[in-house]
Amino acid sequence: MSFSAFELHHDLLKAVKEKGFEQPTPIQRLAIPPLLQGRDILATAVTGSGKTAAFLLPLLQQLMNQPRGKTRVLVLAPTRELAVQINEHWAELARYTGLKAAAVYGGVSPAPQAKAFRDRVAAIIATPGRLLDLQRQRVARLNDIRYLVLDEADRMLDMGFLPDIRRILETLPTERQTLCFSATLPPPITALVRDMLHKPVALNITPQPLTAAGITHVAYPISQELKSNFLLALLAQNESKSILTFTRTKHRANRLADFLERKGVRCGRIHGNRSQNQRTAALDGFKGGRFRVLVATDIAARGIDVEALGLVCNFDVPQQAEDYVHRVGRTGRANAAGDACTLVSPDEEGRLRSIEQTLGRRIPRKTIPGFDYTRERSAVAEARAPEGRRGGDERPRRRYGPAEMGGVEALDRRKKNVSKRFFSPARSR
Ligand code: AMP
């Protein structure tokens with residue numbers, strides 16, 4: 001199937017072709033037709049599935065036939081990075097249509113955002129907090145909105161945005177088409193969806209996420225103290241690759257980045273304590289090849305889209321399977337192959353196993369031949385120091401011995417009775 005089957009405007013098809021999209025992804029195949037008919041949808045789609053174009057293309061198509069000069073589309077996204085990402089996607093897909101969008105998020109001057117409202121750009125892509133601020137200042141005008149997209153709704157819930165979203169919803173015209181995308185559907189999201197959507201078409205494309213299909217997953221058992229040096233070894237082993245690495249906290253991100261810089265590795269950092277300008281500079285530096293490593297926390301994981309990203313490395317095992325999916329979703333984006341590795345200390349084995357159970361697949365354990373696993377505490381130990389004081393990390397660290405490595409291998413023999421959904425081969429492609 002090709003995009004021309006959707007009978008999209010040729011200006012959109014031209015942009016799709018220039019983006020290099022040859023075939024619609026499963027979510028695009030399923031979502032675009034009902035959206036073109038004006039239906040509401042509720043889609044459970046993970047990151048990397050091509051969901052952004054799945055909603056942007058039909059919205060753009062509908063706007064093509066309408067008078068200009070009104071802000072018709074509102075997209076709500078949980079993070080600034082995701083808002084910027086969607087805005088970039090819009091700019092690329094709408095490049096021949098003259099339809100403009102603007103990203104609205106906190107941490108930067110509101111002046112250009114206020115101008116976008118005054119200019120009545122076709123679409124506003126906003127994080128809830130800044131949008132509410134601008135509404136309170138009577139800058140944000142939403143009375144012409146006809147299309148509402150809630151992206152990554154479950155992440156909005158995690159970040160405590162649901163009350164803000166309900167407040168924004170109260171100010172929107174009720175006559176509208178509403179789209180909700182969420183990786184999971186916890187009860188508060190189901191309740192919100194019930195209030196917000198009108199006879200929605202339910203789409204569930206989670207069984208074959210493109211992100212997961214092309215990715216090679218590996219876990220490296222390694223003591224907490226040796227993790228930073230191990231990352232250096234990984235950099236040496238993957239000479240030509242850039243590495244996006246995730247830590248559990250901002251402090252660990254800073255300490256790891258400091259360590260790498262001391263070792264002569266150029267790296268950027270993205271986390272909640274960095275200003276928007278610093279985040280943008282870090283991401284641009286990484287995309288442009290100035291930084292070989294980008295150190296990030298989960299909060300910043302969404303919305304980072306780097307083409308041809310070599311390796312995603314979980315410096316810390318993620319708290320939940322969902323975070324794992326989102327982190328590794330930064331590599332192997334739609335149809336591309338990618339590598340994901342996880343550094344797992346003995347203390348983190350339990351968490352990795354529960355992620356494996358949720359995902360329905362064991363992640364193979366590997367070692368780097370030649371790496372000195374017996375080395376005493378390395379400089380990296382500092383990567384955990386601040387958290388020790390904040391509780392939970394004060395316990396003496398267990399170290400891996402040969403027996404424990406065997407124990408990990410024994411996991412291979414354990415029978416699993418969980419779905420194969422996450423790692424299933426790319427049947428859909
Ligand atoms: P998303 O899930 O919207 O964040 O998209 C993930 C990535 O897939 C982005 O880098 C898109 O540019 C890319 N993408 C979206 N649709 C397609 C397609 N039909 N073919 C190839 N790549 C795509």
Side-chain angles (χ1 to χ4, degrees), residues 1-6 8 12-33 35 41 43-61 73 75-95 101 103 123 125 149-155 179-184 203-215 242 244 283 286-287 296 300-310 312 322 325-338 340 422 426 428-429:
M1 179 187 191
S2 84
F3 278 92
S4 52
F6 298 127
L8 296 170
L12 293 174
L13 288 176
K14 202 161 126 194
V16 164
K17 197 167 168 211
E18 281 176 20
K19 279 279 287 164
F21 297 176
E22 285 166 12
Q23 288 186 346
T25 64
I27 183 70
Q28 291 162 0
R29 257 199 319 269
L30 292 173
I32 291 176
L35 287 177
I41 67 163
T44 48
V46 297
T47 192
S49 58
K51 65 187 164 65
T52 317
F55 63 80
L56 289 184
L57 285 171
L59 294 183
L60 283 164
Q61 172 70 25
V73 176
V75 181
L76 292 175
T79 63
R80 317 166 206 200
E81 282 76 15
L82 186 60
V84 168
Q85 190 72 52
I86 298 169
N87 190 34
E88 285 172 3
H89 221 96
W90 175 290
E92 286 168 352
L93 292 176
R95 64 194 303 179
I125 298 148
V149 183
L150 204 58
D151 199 10
E152 301 201 347
D154 50 351
R155 180 50 59 125
L179 294 57
C180 179
F181 290 82
S182 196
T184 56
L203 304 175
N204 182 348
I205 58 109
T206 325
Q208 289 115 18
L210 284 176
T211 297
I215 298 177
S242 54
L244 171 60
L283 195 53
F286 187 59
K287 283 182 179 178
R302 303 201 178 195
I304 297 177
D305 186 8
V306 186
E307 275 176 33
L309 178 61
V312 167
E322 198 204 327
V325 173
H326 280 282
R327 287 183 184 189
V328 305
R330 304 302 108 199
T331 187
R333 314 278 284 164
N335 293 334
F422 184 67
S428 57
R429 283 194 274 147

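The model shown is predicted, which means the values in this text are computed figures rather than measured ones. Read the numbers this way: they start at 1 and go in the same order the structure lists the ligands and their atoms.
- Taking every non-hydrogen atom of His89 and a distance limit under 4.0 Å, the qualifying atoms of ligand 1 come out as 11 (C), 12 (O).
- Each of the following atoms of ligand 1 lies closer than 4.0 Å to a heavy atom of Thr52: 1 (P), 3 (O), 4 (O).
- Across Glu22, Gln28, Lys19, heavy-atom proximity to atom 16 (N) of ligand 1 is greatest for Gln28.
- The two residues Phe3 and Glu22 have their closest heavy-atom pair at CD1-O, 4.0 Å.
- Leu8 and Leu13 get closest at one heavy-atom pair: O-CD1, 3.6 Å.
- The distance from ligand 1 to the heavy atoms of Gln23 drops below 4.0 Å at these ligand atoms: 18 (C), 19 (N), 20 (N).
- You'll find the side chain of Val75 stays beyond 4.5 Å of the side chain of Trp90, heavy atoms only.
- On a distance-only criterion, Ala53 and ligand 1 share no N/O pair closer than 3.5 Å.
- The distance from atom CZ of Phe181 to atom CG of Asp154, rounded to the nearest 0.5 Å, is 13.0 Å.
- Short contacts between ligand 1 and Phe3, defined as distances under 4.0 Å to a heavy atom of the residue, involve ligand atoms 19 (N).
- Nearest heavy atom pair, residue Leu93 against residue Leu56, reads CD1-CB, 4.1 Å.
- For the pair Gln85 and ligand 1, no heavy-atom separation below 4.0 Å is found.
- Annotation: side chain of Thr44 is not in contact with side chain of Thr184 (no heavy-atom distance under 4.5 Å).
- Heavy-atom proximity to Lys51, at under 4.0 Å, picks out these atoms of ligand 1: 1 (P), 2 (O), 3 (O).
- Atoms of ligand 1 lying under 4.0 Å from at least one heavy atom of Thr25, given by number and element, are 16 (N), 17 (C), 18 (C), 19 (N).
- Within the 4.5 Å cutoff, the side chain of Leu82 has heavy atoms near those of the Glu152 side chain.
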